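Here the structure is a predicted model, which means the values were calculated and not measured.
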Amino acid sequence: MSGCTVQRLEAPGLTFLKVSGTVDETFSASQLSGQIRADTILHLGKVSRFSSFGVREWVRLMKDLQGRVKHCILVECSPAVVNQLNVVVDFAAGAHVKSVQLPYACQNCELDKLVTVDVDAQRSELLAGTLPQVSCPQCHNPMVFDDLPGSYLAFLRDAAAPESGSPMARFIASFEQAAPKLGDMDALPAAAGASPAPPSVPPPPAVDPTVPPPGMAAPGGGMKWAALAVVAVVVVGGGLYAWSRSRVEVTPPPPPPPVVDNTPKQPPPPPPRRKMSGEESLKLQTLLAAKRFSDAEDFIKKMEPTWEEGTTADTRSSVAVARNQASNEEIQLAQKARQAGKIDEANEHLDRASAYAASETDTTLFERAQLARRAGNCPGVLAHVEALTQQFPSSLFIKKATDYKRICMSQPAIGPQELTRAMKARQADIETCLKTPIGAEHAATDIELAWSINTTGSVTAASCLTPALAKENICQCLTEQVRQMHFTEKPGITARRAIYKFTPISG
């Protein structure tokens with residue numbers, strides 16, 4: 001017998017499918033697809049797992065529906081479904097995800113709970129990491145979200161709510177919260193031993209397609225279609241069984257009040273550590289292939305308590321290797337762009353290389369120095385060489401970088417009198433910059449700036465040579481003032497340099 005059960009309700013213009021259990025090798029996309037001929041709502045709240053075969057068959061089904069039905073929406077997507085939405089391309093294949101289940105856990109009584117959320121109505125909050133507040137039904141303490149919001153809801157970043165007035169929006173409005181209460185269908189007989197289907201099934205009564213089927217909330221409130229003759233087909237292990245009956249909504253009795261147990265509970269022993277599962281490996285490899293390294297590291301951190309130590313070490317090593325490979329690829333692209341004279345494009349590749357490596361490396365700093373040299377930006381050369389020397393004193397690039405610095409320093413220097421005269425013209429603004437607050441650890445640090453002057457006396461480039469403060473407001477303020485200085489025109493000298501140390505003003 002298959003681990004997957006598919007139940008179907010039909011009304012004119014609408015097919016509702018409820019999928020339960022494990023979608024595995026006995027799930028037949030072609031067999032199920034042949035039973036669907038109308039707009040479709042897929043209820044996936046009871047899907048517990050997908051095998052690799054089941055994923056392939058599911059994608060086949062969704063791609064087939066994409067070409068044959070106008071509208072298909074997914075509701076009550078279980079955590080197993082959400083995981084596949086995040087890692088498998090074309091898992092939804094054009095279908096619209098209307099609602100998903102969020103996993104919560106109570107840290108007090110260890111109760112797990114799934115909470116359904118409408119991702120259209122709360123899309124902006126969910127993308128911002130704001131999740132619904134849930135109380136434990138037993139102890140009434142706040143429950144915590146049992147996953148990483150950024151990773152669990154990552155698929156929302158690539159999807160959008162239907163535009164107002166679009167055909168999909170009108171379809172959803174007509175069947176809002178289209179998830180019939182199929183609890184009475186769970187007791188259907190299994191395929192083995194089921195009676196043959198009757199030779200004919202009476203057709204369902206005529207239905208107004210703008211009024212939701214049983215269990216679907218009408219826009220104006222209240223329940224309509226309290227009883228409806230429906231035709232349901234159960235697909236279990238490849239067999240098809242049909243029956244006809246009337247379906248009536250029954251209001252269940254209220255639940256009994258919770259029983260408070262004040263007996264101290266001993267925490268259960270932690271489960272034995274294990275190796276990474278196939279699904280976890282697929283998710284990690286998908287994140288690495290998409291260069292979502294931070295999400296991959298968050299995933300490893302979440303799974304670390306359950307994995308063997310060797311597995312955790314291996315996965316972290318895989319992330320480090322993937323980061324390094326992605327960074328090197330961007331550096332190679334930057335080198336090609338530099339050789340072609342595309343300075344801005346090369347800088348963009350270097351920015352991505354640093355982001356993938358999670359920091360500047362000696363290679364990226366040396367490439368930045370070469371870019372500045374190619375652009376004739378000696379202050380930039382000096383700044384990058386200074387950072388390289390301080391952060392990577394044993395780098396193989398130090399000698400060549402020092403040569404670049406020496407060439408820039410060989411330019412004629414501005415005399416002290418001319419430098420004093422140019423700075424005096426902007427003295428008030430410079431003093432304002434020097435009063436900019438900085439951290440106590442840098443209070444006694446002088447700030448060294450370098451700049452170049454062209455034949456007209458204008459400053460062509462300026463950079464902060466103090467790596468620890470290069471990105472601070474005080475350095476940026478001083479650099480802006482230097483760029484507005486003016487020096488004596490020297491028609492016969494194409495470039496001159498100036499280097500000056502500024503001292504911050506405390507208090």
Handout entry: Stepwise salt bridge (charged side-chain N to carboxylate O under 4.0 Å, His left out) test for Lys302 and Asp298
Key = CA-CA 6 Å; Lys302 173 192 172 186; Asp298 289 343; over 6 Å; no

Problem - Thr116 vs Glu76, side chain to side chain donor-acceptor pair (under 3.5 Å): CA-CA, chis, key distance, verdict - result: CA-CA 6 Å; Thr116 300; Glu76 299 274 347; 2.7 Å; yes

Exercise for the section: Please step through side chain to side chain donor-acceptor pair (under 3.5 Å) for the pair Thr22 and Asp24, ending with a clear verdict. Expected result: CA-CA 6 Å; Thr22 300; Asp24 56 15; 5.5 Å; no

Handout entry: Criterion side chain to side chain donor-acceptor pair (under 3.5 Å) on Ser395 and Asp362, from CA distance to verdict
Key = CA-CA 7 Å; Ser395 172; Asp362 62 336; 2.9 Å; yes

Exercise for the section: Starting from the C-alpha separation in whole Å, work towards a yes-or-no answer on side chain to side chain contact (heavy atoms under 4.5 Å, CB included) for Arg60 and Trp58. Expected result: CA-CA 5 Å; Arg60 284 182 54 199; Trp58 180 269; over 6 Å; no

Exercise for the section: Show the numbers, then the answer: is there a side chain to side chain contact (heavy atoms under 4.5 Å, CB included) between Thr315 and Leu284? Expected result: CA-CA 8 Å; Thr315 53; Leu284 180 62; 3.7 Å; yes

Exercise for the section: Might you work through the side chain to side chain contact (heavy atoms under 4.5 Å, CB included) test for Val119 and Lys98, ending with a clear yes or no? Expected result: CA-CA 6 Å; Val119 297; Lys98 176 62 178 171; 5.7 Å; no

Problem - Audit row: Glu330, His349, side chain to side chain donor-acceptor pair (under 3.5 Å) steps and yes/no - result: CA-CA 5 Å; Glu330 292 295 333; His349 286 300; 2.8 Å; yes

Exercise for the section: Determine, stepwise, if the pair Leu102 / Tyr152 fulfils side chain to side chain contact (heavy atoms under 4.5 Å, CB included). Expected result: CA-CA 9 Å; Leu102 304 181; Tyr152 190 81; 3.8 Å; yes

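Going from atom OG of Ser452 over to atom CZ of Arg497 covers 9.5 Å, rounded to the nearest 0.5 Å. Atom NZ in Lys63 sits 12.5 Å away from atom CZ in Phe91 (nearest 0.5 Å). Atom CG of Leu17 sits about 4.5 Å away from atom CD1 of Ile36, to the nearest 0.5 Å. To the nearest 0.5 angstrom, Thr361 atom OG1 is 8.5 Å from Asn324 atom CG. Remark: Lys435 NZ to Ile505 CD1 distance equals 5.5 Å, nearest 0.5 Å. Separating the OG1 atom in Thr436 from the CD1 atom in Ile474 is a distance of 5.0 Å, to the nearest 0.5 Å.
Checked by atom type and distance alone, the side chain of Asn86 pairs as donor or acceptor with a backbone atom of Ser151 at under 3.5 Å. Side-chain N or O atoms of Ser317 include none that pairs as donor or acceptor with a backbone N or O of Ala313 at under 3.5 Å. Listed for the Ser318 side chain is a donor-acceptor partner under 3.5 Å among the backbone atoms of Asp314. The backbone N or O of Pro416 sits less than 3.5 Å from a side-chain atom of Thr420, completing a donor-acceptor pair. At least one donor-acceptor pair closer than 3.5 Å links the side chain of Thr286 to the backbone N or O of Leu282. Looking only at distances, no side-chain donor or acceptor of Gln84 sits under 3.5 Å from a matching main-chain atom of Val55. No donor-acceptor distance shorter than 3.5 angstrom exists from the side chain of Ser281 to the backbone of Gly278, with no hydrogens or angles considered. Judged purely by atom type and a 3.5 angstrom limit, Arg273 uses its side chain to pair as donor or acceptor with the backbone of Trp307.
Nearest heavy atom pair, residue Ile430 against residue Gln481, reads CG1-CB, 4.1 Å. The minimum heavy-atom distance between Ser78 and Gln101, with the atom names listed, is CA-OE1, 3.3 Å. Minimum heavy-atom separation, Ala462 to Arg483: O-NH2, 3.6 Å. Scanning both residues, Leu111 and Met143, for their nearest heavy atoms gives O-CE, 3.3 Å. The heavy-atom pair separating Glu57 from Ala29 by the smallest distance is OE1-N, 2.9 Å. Contact between Gln122 and Pro132 at its shortest, heavy atoms only, is OE1-CG, 4.2 Å.
Take Phe53 and apply the ring-ring contact (aromatic ring centres under 6.0 Å, His included) test, not counting sequence neighbours, and it matches no residue. For Phe366, the ring-ring contact (aromatic ring centres under 6.0 Å, His included) partners two or more places apart in sequence, or in a different chain, are Phe397, Tyr404.
Taking a cutoff of 4.0 Å between a charged side-chain nitrogen and a carboxylate oxygen, Asp403 and Lys400 do not qualify as a salt bridge. Looking at Asp351 and Arg368, a side-chain N of the basic residue comes within less than 4.0 Å of a carboxylate O on the acidic one, giving a salt bridge. Remark: Arg496 engages Glu418 in a salt bridge, criterion side-chain N to carboxylate O under 4.0 Å.
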Listed pairs under 3.5 Å, donor-acceptor, residues 378-392 side chains, sequence neighbours left out:
from: Glu386; atom 1: OE2; to: Gln390; atom 2: NE2; distance (Å): 3.2
from: Thr389; atom 1: OG1; to: Val385; atom 2: O; distance (Å): 2.8

What pairs of donor and acceptor atoms, side-chain ones from residues 331-342 against any protein atom, are under 3.5 angstrom apart with sequence neighbours left out?
from: Gln335; atom 1: NE2; to: Glu367; atom 2: OE2; distance (Å): 3.0
from: Arg338; atom 1: NE; to: Glu367; atom 2: OE1; distance (Å): 3.4
from: Arg338; atom 1: NH2; to: Glu367; atom 2: OE1; distance (Å): 3.4

Show me the side-chain donor-acceptor pairs of residues 439-449 shorter than 3.5 Å, one per line, residues at least two apart or across chains.
from: Thr445; atom 1: OG1; to: His442; atom 2: O; distance (Å): 3.4
from: Asp446; atom 1: OD1; to: Thr503; atom 2: OG1; distance (Å): 3.0

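The closest side-chain heavy-atom distance from Val75 to Leu42 is not below 4.5 Å. The shortest side-chain heavy-atom distance between His486 and Ser458 falls under the 4.5 Å cut-off. Counting heavy atoms from C-beta outward, Thr460 and Asn377 have side chains that stay 4.5 Å or more apart. Contact annotation: the side chain of Arg49 never approaches that of Val23 to less than 4.5 Å [non-hydrogen atoms, C-beta and beyond]. Considering only heavy atoms from C-beta on, Tyr104 stays 4.5 Å or farther from Leu114 through its side chain. A heavy-atom distance below 4.5 Å is not found between the side chains of Tyr356 and Gln325. Side chains of Arg421 and Lys424 form no contact here, defined as non-hydrogen atoms less than 4.5 Å apart. Proximity of Cys136 to Lys113: side-chain heavy atoms (C-beta onward) are nowhere separated by under 4.5 Å.
Annotation: Lys490, atom NZ; neighbour count of heavy atoms from other residues, nucleotides and ligands within 6.0 Å does not exceed 12. Shown here is Phe145, whose CZ atom has more than 12 heavy atoms of other residues, nucleotides or ligands within 6.0 Å.
For the side chain to side chain donor-acceptor pair (under 3.5 Å) with Glu280, the qualifying choice from Gln285, Arg274, Lys275 is Arg274, the only one to do so.
Here disulfide (SG to SG under 2.5 Å) pairs that include residues 421-470, with residues two or more places apart or in two chains, are Cys433-Cys477, Cys464-Cys475.
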